[in-house]
Amino acid sequence: MAEYLPVLIVGAIIGAFTLLFVAAYILLRRQKDAHPSERHMGDGELARRLMVYAKPYWKEFLWVMLIMVLSVVYDIVSPLLIGAIQDVIKEDFELSYLFKLVAVYGGILVVSMVCTYYTAMILQKTGQKILSKLRQDIFTHIESLSHEQLNNIPVGKLVTRVCNDTNAISMMFTNVLVAMVKNVVIVVGVFGAMLLLNYALTLMVLCFVPFVVLFTVIFRKFSRKVHRDVNNARTDINTYLSENLSGIKITQIFNREQQKYEDFLQRSRRLEKCKQNQMYVFGIFRPMVYMLYISSTLCLFYFGAKGYIQDIVFLGQTVDSAVMVSFYLFIHKFFNPIQTLAEQFDVLQRAFASAEKVFTIMDMVPEVVDEPDAVDLPEIRGEIEFRDVWFAYKPGEWVLKGVSFHVEPKQTVAFVGSTGSGKTTILGLICRNYDIQKGQILIDGIDIRKIKIASLRRHFGQMLQDVFLFSGDIRSNILLRSQGISDEQVWEACRYVNADAFIRRLDHGLDEVVRERGNNFSAGQRQLLSFARTIIHKPSIMILDEATANIDTETEVLIQDSLEKMKNIGTMLIVAHRLSTIQHADNIILLSHGEILEQGTHQELLHQKGRYYNLYTLQYQKQQLQKG
């Protein structure tokens, strides 16, 4: 028994580490049960869904696999060649035979290097194509989500899903997938060569394989958890940055830079801690595999040298120096892919953790979708009707309560009322940004749920209080990438809404650079550009939601003149707090707490001396005091 004491010591050390890891694994599973609300997907489901993106490129992957087989030959044959060289040197030394073996070895090495180069090139190109397709799919899916769903997802989170998480998934296709298959083939091939060379020593090496499998299973569980934590922490930082960099002017105005810095520092430290945990997990796993490699090598030297020195047979087979050299190299070739698999497995778990996040977004079912029998309307007259419409953003909290009204084509209808009365909600429902719970909304006598969403919105032009301009130039912001519209038509639209005057004063005219959110233009200029953007697309129904708010008197005169011209284009729906701007509307609807209290023309409502009369009188008196 004493002669096997070194082997028993090695076994005891491996057993102690195994018990420690199993205990940690059990503890982690218990911690998982404490968070049942966190969504997890199985590796099989993730792999199946990711392979959908790889399937169109199966020819490229097959070609890579064939090239990979050639490169694997080097890993399997090289130990045998070195062992053969050792025999040549030991016995009857022939320089010509040695040159032949070295030439074969060098040739195999060159072929392996060339195969590795072409494999990398093919995989990188294919991986970028897969990455592009994945990003397109998730971006398109985000565009299909309803306003309510988008309101519940921070912008920074969506940016992380489209950029960071898809990059992690791309790594799986470019660096991991084929490499893992290659390493598995190497392990199997080396195992077969070892078995043919000396099955007794091969059985000894196999004693360490169950521990490799066990450590890998445990590592997978820890790795997935730390990668989820890292992704969550990174998403938190991106969300925080997206919000606070957009509102940094408010931070400066209220002198809250230090507080924001501390908030950011707290999130950064959380990400740092998660990254450290990630490094700890991988930093423990790979040394464990290396320990198994060293242990198997020590056992090889112990049993091989013991049998060779004492001239005994080990498990029925003789171990000579050539077998020792070849087996030493084979053990390296056997465990090196396993250690590489550990790194690749770490990347794979990172990709799966990111895929969970991406597919969570892609699994969100759009709340506002086309009905199966929805139709496409090439043209509409602009007739609008609400029939007993009830709507709530949250169940039970009704924003609109039985609202009914009718708008004739080419009419101008204004909605007035206090904040929260439902004015903006009505405009959003007409465009089907949300779906109502009760009642009907009809366009030209057709329920809007029976009209394709893209077709419906194509006939609307919206001008909002907070005008959003994209980075680019004035022309692209007016056209919104529409094709087939000449510069003359753009200038005509600008003249129509009185935007041409300030554009011509700019150094580059329509080519003037628009910075982020149009912050190099005044509020009035941005509003005039939004009018031109609306007019050039020739909408049948125009929506103005507080479009004249927060604008100086001079610009308001231009905008009022533009509005008068735009009334001739189609049906116009206006939400305004300044009652003086809607006096010429064909119908004014006064809302309160989601219900219609009064409606009629300006003069009719004043004659009734109801709520509208009181609001108008109050605003008129306020204007007189300001003039005084």
Side-chain angles (χ1 to χ4, degrees), residues 17 20-21 23-25 27-35 37-41 46 131 138 153-172 174-176 215-216 218-248 250-252 255-290 339-340 342-361:
F17 278 112
L20 181 63
F21 290 155
Y25 177 79
L27 181 61
L28 181 64
R29 287 184 61 87
R30 290 180 178 178
Q31 291 179 350
K32 175 190 171 182
D33 293 337
H35 304 279
S37 60
E38 185 177 2
R39 184 183 181 192
H40 300 306
M41 298 183 188
L46 291 171
L131 174 62
I138 187 173
I153 308 174
V155 173
K157 184 176 182 179
L158 295 176
V159 172
T160 303
R161 299 294 169 263
V162 176
C163 296
N164 299 73
D165 289 327
T166 51
N167 270 331
I169 295 172
S170 175
M171 290 288 290
M172 184 190 75
T174 56
N175 298 337
V176 175
F215 291 167
T216 302
I218 295 174
F219 169 74
R220 170 188 169 277
K221 182 65 67 174
F222 278 92
S223 179
R224 179 68 67 85
K225 182 181 185 303
V226 294
H227 284 312
R228 284 194 189 109
D229 292 341
V230 168
N231 284 348
N232 289 335
R234 185 187 293 117
T235 299
D236 190 26
I237 282 186
N238 287 344
T239 301
Y240 183 84
L241 286 174
S242 176
E243 178 181 355
N244 284 275
L245 291 180
S246 298
I248 197 168
I250 302 299
T251 300
Q252 294 172 338
N255 194 29
R256 307 306 295 171
E257 291 92 340
Q258 184 61 32
Q259 180 184 342
K260 294 298 182 181
Y261 168 77
E262 291 173 357
D263 292 342
F264 181 73
L265 183 61
Q266 180 183 0
R267 288 168 170 80
S268 296
R269 285 175 175 169
R270 181 192 169 204
L271 178 59
E272 178 188 12
K273 183 179 179 181
C274 293
K275 282 282 192 179
Q276 287 177 347
N277 292 338
Q278 184 183 38
M279 290 186 291
Y280 289 152
V281 170
F282 186 72
I284 291 174
F285 177 69
R286 175 150 189 171
M288 288 299 101
V289 177
Y290 186 71
Q339 293 183 77
T340 306
E343 297 179 4
Q344 294 163 348
F345 197 70
D346 181 67
V347 177
L348 184 66
Q349 290 304 309
R350 186 183 309 146
F352 279 177
S354 296
E356 280 184 332
K357 303 295 183 182
V358 170
F359 289 133
T360 297
I361 297 294

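Numbers here simply count residues along the sequence, with the first being 1. In what follows, every heavy atom counts, from backbone to side chain, and hydrogens, waters and symmetry copies are set aside.
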Peer 1: Show the nearest heavy-atom pair for residues V230 and C274, with the distance to one decimal.
Peer 2: CG2-O, 3.6 Å
Peer 1: Do F222 and N277 have side-chain heavy atoms sitting under 4.5 Å apart?
Peer 2: no
Peer 1: Do you know which two heavy atoms are closest between Y240 and K260, and how far apart they sit?
Peer 2: OH-O, 2.9 Å
Peer 1: Please examine the side chains of V226 and V281, heavy atoms only from C-beta on, and report whether any two atoms are closer than 4.5 Å.
Peer 2: yes
Peer 1: State, yes or no, whether a side-chain contact exists between T239 and V155 at a heavy-atom distance under 4.5 Å.
Peer 2: no
Peer 1: So, for L271 and R234, which heavy atoms are closest and what is the spacing to 0.1 Å?
Peer 2: CD1-N, 3.9 Å
Peer 1: Can you tell me how far apart OG (S242) and NZ (K157) are? Round to the nearest 0.5 Å.
Peer 2: 13.5 Å
Peer 1: Mind checking whether I169 and V358 have side chains closer than 4.5 Å, heavy atoms only?
Peer 2: yes
Peer 1: Kindly compute the distance separating OG (S354) from CZ (R161), expressed to the nearest 0.5 Å.
Peer 2: 8.0 Å
Peer 1: In Å and rounded to the nearest 0.5 Å, what is the CD to CD1 distance from Q266 to I237?
Peer 2: 11.0 Å
Peer 1: Does some side-chain heavy atom of M279 sit less than 4.5 Å from a side-chain heavy atom of Q276?
Peer 2: yes
Peer 1: I need the K225 NZ to R228 CZ distance, nearest 0.5 Å.
Peer 2: 9.0 Å
Peer 1: Nearest 0.5 Å, what's the CG-CZ distance between D263 and R267?
Peer 2: 5.5 Å
Peer 1: Could you verify whether a donor N or O on one side chain and an acceptor N or O on the other, from N231 and K357, lie under 3.5 Å apart?
Peer 2: no
Peer 1: Is any side-chain heavy atom of D165 less than 4.5 Å from a side-chain heavy atom of T160?
Peer 2: yes
Peer 1: Tell me whether the count of non-hydrogen atoms from other residues, nucleotides or ligands lying under 6.0 Å of CD in E243 goes above 12.
Peer 2: no
Peer 1: If you measure from CG on N232 to CZ on R270, what distance do you get to the nearest 0.5 Å?
Peer 2: 6.0 Å
Peer 1: Looking at every non-hydrogen atom in both residues, tell me the closest pair between V162 and I138 and how far apart they are.
Peer 2: CG2-CG2, 4.0 Å
Peer 1: T251 and E257: which non-hydrogen atoms are nearest, and at how many Å?
Peer 2: CG2-N, 3.8 Å
Peer 1: Might you point out which heavy atoms bring A168 and A351 nearest each other, and give the distance in Å?
Peer 2: O-CB, 3.5 Å
